[in-house]
Every structure is written in structure tokens, then in C-alpha cells.
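Given the structure is predicted, the values throughout are model-derived calculations rather than measurements.
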Amino acid sequence: MHDARALIDMGAEAVRRLARRGYTLDLSELESLHSRRNQNIRSADELRAESKRVASEVQQTAKQGGDITKLKERARELKDQIREIEAGQEQIEAQLRDLLLSIPNLPDDSAPDGDSEEFAVEVRRVGTPPAFSFEPKDHVDLGEATGILDFGRATKLSGPRFAVSRGAGAALERALATLFLDLHTRRHGYVEYAVPYLVTRKTMTGTGQLPKFEEDLFKTGVADRELFLIPTAEVPLTNLYADEIIPPAELPLALTAHTPCFRSEAGSYGRDTRGLIRQHQFAKVEIVRLVEPAEADAELEKMIGHAEVCLKELGLAYRVIKLAAGDTGFSAQLTYDIEVWIPSQNTYREISSVSNFGTFQARRANIRTRGEDGKPKLVATLNGSGLPVGRTLAALLEQCQQQDGSILLPESLVPYLGFRRISADGTPEA
């Protein structure tokens, strides 16, 4: 969410930057609403001051035995006028808030021009994609052949875009999540949280999922209580500090959590319907940082490195790209994607997005710290996937597959699994 005054002061610059991401800012509408809001506030304040003065005159005149009829009539008129202005003010405030909530974050000037993944800039490649002497299978065929994944029974239970993992597959999912959490808490300094998976509309609004992306969310309700299933742990983790002032000495805050994530994937049907790439429910380890705004760029680079470590520990080939301005998420000002190599598709696919939101989310959620002058100021928020379990599992199965149909897992997982290989029939082997 933006400060209306800041956007108006930026003027053409705000229009230019938002146009880079395909959003047309109606500056005249914003200026009109902001001006009407301020005029109403001034008018209401003047009427309240007069009402207070008239009330005092009524008391003084009554004490002196004077006629207070006209004064009381004026007092009633003033109250009616104040109520009318306040009602209009509520409407204007709601219109201004709705407009501001619909305006995406200003993209960073370092983000490339463009509106799709085709315009992303590759930053680096790490590792060499495996070369197979046989035709590699995709993770669906591998998982079903070994019996560690069952998409048919998942569909029976819940419909398409769900998965059931079994035996070594379930153990592997648990091992991946634990490895990621251990890396982030023991090596990278994050504090692990266990958070609710159902949150309020206010919480979803704080991180930018609402109101724009309501169709992408699963929602539930009992009686008059409305709750949303989280699409990522970013939502509860960031909002832990909503409406709070964080002592400067406590920054930066580094938070992580392993949660299920729920997404309707509205508008994406027909894409990645096979396997673990795009599902309605998936598990993910998320990393979030709340920092001084001046430190946000450096913190972003640090977080990218934290996500990369997870892939390096698994020996998976990947690359890092910087997203184009028009392909950057609604709340982010700058995003880097980490894409892992998927042999069956002969390409890199997104496995992590790491974003700097600046003060955009903090303004929506009212998360502040104090400046050197002691006055409250907004923090900057950042988040990233570190990593999603399902997509990592898909990449791991495909990059580690052997000609005999077995899966040779990386050494880093052995302490968590107690085995190194999954045989062609799904049996764990040392």
C-alpha cells in the first residue's frame, strides 16, 4: 500500500514506474480523492471547533439567565452538519483506501524492462545439468514406478492437483523440510516458528494477497467468521509484527517456518497439471526478514544466498535470474527467481522467488521501528522460498535418477533418512 501524498508528489515519476509493470496510475483521480479527503477533514475540524464554542456559550448564557434557544438550535445544526461530513468522509476514505490497495508496488529501476519471463536477465548458473546415457523419466513416472508417489489416489481423495507420498517418498519429503530448517536456523540465523494455517482478511491484506488475489485463495467460514488458508508462510510470519513497533536493536529479524500452502491456481489450468510443479496444496519452508529500509538491498542478496545453499547441499543444478518489472509480483519491488534444472523438460523451472518489498507491506500491515530521532518509521520486508518441498522433490528425483530406475540421493540427506538409495521398487537402501 502506498502513501497517497508520496505518489502525488512523485507525479509523473510514479506514473512512469508503474507503467513499467503494466499499471496505469490515474493521478488525477488520486489527487481528487486526496484533496476531497483533506478538505473534509478541515471542514469537520472547523465545525467541531465551532460546536465546542457554541456549547460553551450555551453554558455561559444559561448561567447568566439569558435566552439560549438560538444557540441550542445552532448547536443542533452543527451536529447535523458534522454527521453529514463524517458520513461523506467515510465514503471518501473507503474510496481512497480501495484505490491505494489496488496500486502495485513501484518496481525497482534495476529490474529489466518487459512483462514476461522472456525478459528476465540471467545472473548466474550453478552446477552442471546431468547428462544421461538413457532417456530420463519425469518425476511422475519415477514416483509411480517406485511407488513413492500416488497421484491416482490423491485425485480420488481430493480431485486433480494433489499428491500422496508413500514410504521412502514421505520420508524424503520430511527429510527435505528438516534439512532446510536446519540450514536456516543453524547456519543462517533464522528463528523457527510454528504458525496458524488459517488467517483473517486483515492478515491477508497486510501482505498484499487481498483484495487483488482473492480468487487465488481457499477460504472457509463458520457462522460469521471468515478465514483464509495461507498460500505461503510469508503471510503469518510477516504479520506477526503487524501494528507493532520493533525496537531498532532487534533488527534485522529473521523468521522461518515449514507449512502447508494452499493455492487455487485460478487462471492457470492447463499449465503444469502433471505432477508436483503446480498443486493446490504443497509444503514449503519460507524465510522472511524485517530490516531497516537502508539495508534491504544487502539483505536481499543475503537471502538469495540462503536459498541457494539449500540447492547446493543437494547438489542440484540451478540458475538465478532477475525478473522483469512487468513480471514482478504485486507487492514486490524487485524479485530474483532461482530456477532448478528439470531434465524431463530440458529446461530450468522456478523453485524459489526471493523478493524485496521495501516498505510496501509494512505500510499495509503497520509494521514499524524507530528512527534515530525516536519517531516511528516503517521497516522493510523481504521473503523467499527456502525451499518448496514438492518442487525440490521433483528436481531431486529427476536429476538423481539412475538407468535401473533407482534414485541415488545426495549424502546430505542420509543423516535425515538413514538410507542413500531408493530402489526401482521403492525400497530404501543404504
Side-chain angles (χ1 to χ4, degrees), residues 117 120 122-149 151 163 165 167-180 183 272 274-279 282 284-285 304-321 336-353 385-430:
E117 59 187 22
E122 184 172 294
V123 178
R124 58 182 167 271
R125 294 191 180 194
V126 179
T128 303
F132 298 101
S133 60
F134 56 94
E135 185 68 26
K137 296 179 180 178
D138 71 8
H139 67 278
V140 176
D141 290 338
L142 286 164
E144 292 186 333
T146 56
I148 66 173
L149 293 177
F151 295 97
S165 58
L172 186 51
E173 289 195 8
R174 174 164 45 87
L176 286 169
T178 306
L179 170 65
F180 299 156
L183 289 171
D272 295 320
R274 179 176 167 84
L276 299 171
I277 301 297
R278 194 183 297 274
Q279 295 198 305
F282 58 96
K284 181 155 66 83
V285 174
I304 296 167
H306 295 163
E308 285 186 81
V309 164
C310 297
L311 291 170
K312 290 176 180 176
E313 286 289 317
L314 297 172
L316 295 175
Y318 67 91
R319 71 171 185 167
V320 179
I321 62 173
Y336 288 83
D337 272 3
I338 302 174
E339 298 183 333
V340 69
W341 180 255
I342 302 294
S344 66
Q345 299 181 13
N346 197 38
T347 191
Y348 292 95
R349 297 298 306 272
E350 177 204 334
I351 195 168
S352 174
S353 285
S385 303
L387 296 168
V389 173
R391 291 194 180 195
T392 305
L393 178 61
L396 200 63
L397 293 180
E398 294 200 17
Q399 289 198 37
C400 296
Q401 63 181 294
Q402 306 297 303
Q403 188 167 5
D404 64 358
S406 65
I407 313 295
L408 183 62
L409 299 169
E411 287 281 2
S412 59
L413 287 174
V414 174
Y416 300 94
L417 290 169
F419 58 88
R420 176 79 192 279
R421 182 187 294 269
I422 301 174
S423 70
D425 66 0
T427 304
E429 297 178 349

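Residues Asp141 and Arg274 are paired through a salt bridge, judged by an N-O separation under 4.0 Å between the basic side chain and the carboxylate. Using a cutoff of 4.0 Å between basic side-chain nitrogens and carboxylate oxygens, Glu339 and Arg319 are scored as salt-bridged.
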_Test log, rule side-chain contact (heavy atoms from CB on, under 4.5 Å), inputs Leu179 and Leu314_ = CA-CA 10 Å; Leu179 170 65; Leu314 297 172; 3.8 Å; yes
*asked:* Determine whether Leu276 and Leu149 satisfy the following criterion, side-chain contact (heavy atoms from CB on, under 4.5 Å), listing intermediate values before the conclusion.
replied: CA-CA 10 Å; Leu276 299 171; Leu149 293 177; 4.1 Å; yes
_side-chain contact (heavy atoms from CB on, under 4.5 Å) assessment of Arg174 paired with Tyr416_ = CA-CA 8 Å; Arg174 174 164 45 87; Tyr416 300 94; over 6 Å; no
_Trace of the side-chain contact (heavy atoms from CB on, under 4.5 Å) decision for Ile277 with Arg349_ = CA-CA 9 Å; Ile277 301 297; Arg349 297 298 306 272; 3.8 Å; yes
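Checking side-chain atoms of Thr392 against main-chain N and O of Pro388 turns up a donor-acceptor pair under 3.5 Å. Under the 3.5 Å distance criterion, the side-chain polar atoms of Asp138 are matched with a main-chain donor or acceptor of Val140. When atom types are taken as modelled, the side chain of Arg391 and the backbone of Glu350 share a donor-acceptor pair closer than 3.5 angstrom. Judged by distance alone, the side chain of Ser352 and the main-chain N or O of Ser385 form a donor-acceptor pair under 3.5 Å.
Looking at Tyr318 and Glu308, their side chains do bring a donor and an acceptor atom within 3.5 Å of each other.
You'll find the side chain of Ile407 stays beyond 4.5 Å of the side chain of Arg421, heavy atoms only. Between Phe419 and Leu413, the closest side-chain pair of non-hydrogen atoms is not below 4.5 Å. Val320 has its side chain out of reach of Asp337: every pair of non-hydrogen atoms, C-beta onward, lies at least 4.5 Å apart.
Taking each heavy atom of Phe151 and Glu144 in turn, the nearest pair found is CD1-OE2, 3.5 Å. The two residues Val389 and Ala177 make their nearest non-hydrogen contact at CG2-CB, 4.1 Å. When all heavy atoms of Leu396 and Pro410 are compared, the pair lying nearest together is CD1-CD, 3.9 Å. The shortest non-hydrogen separation linking Ile148 to Ala168 is CG2-CB, 4.1 Å. Between Ala171 and Leu417, the closest heavy-atom pair is O-CD2, 3.5 Å.
Here OG1 of Thr146 is found 7.0 Å from CG of Leu397. Values are rounded to the nearest 0.5 Å. Taking NZ of Lys312 as the reference point, atom CG of Leu183 lies at 12.0 Å (rounded to 0.5 Å).
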Pair up each side-chain donor or acceptor in residues 423-430 with any protein partner under 3.5 Å, not counting sequence neighbours, and list the distances.
unit_1: Ser423; atom_1: OG; unit_2: Asp425; atom_2: N; d: 3.4
unit_1: Ser423; atom_1: OG; unit_2: Asp425; atom_2: OD1; d: 2.3
unit_1: Ser423; atom_1: OG; unit_2: Thr427; atom_2: N; d: 3.0
unit_1: Ser423; atom_1: OG; unit_2: Thr427; atom_2: O; d: 3.2
unit_1: Asp425; atom_1: OD1; unit_2: Thr427; atom_2: N; d: 3.1
unit_1: Asp425; atom_1: OD1; unit_2: Thr427; atom_2: OG1; d: 2.8

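Of the candidates Gln401, Gln399, Glu398, His139 forms a side-chain contact (heavy atoms from CB on, under 4.5 Å) with just one, namely Glu398.
Counting heavy atoms of neighbouring residues, nucleotides and ligands inside a 6.0 Å radius, atom CD of Glu122 exceeds 12 of them.
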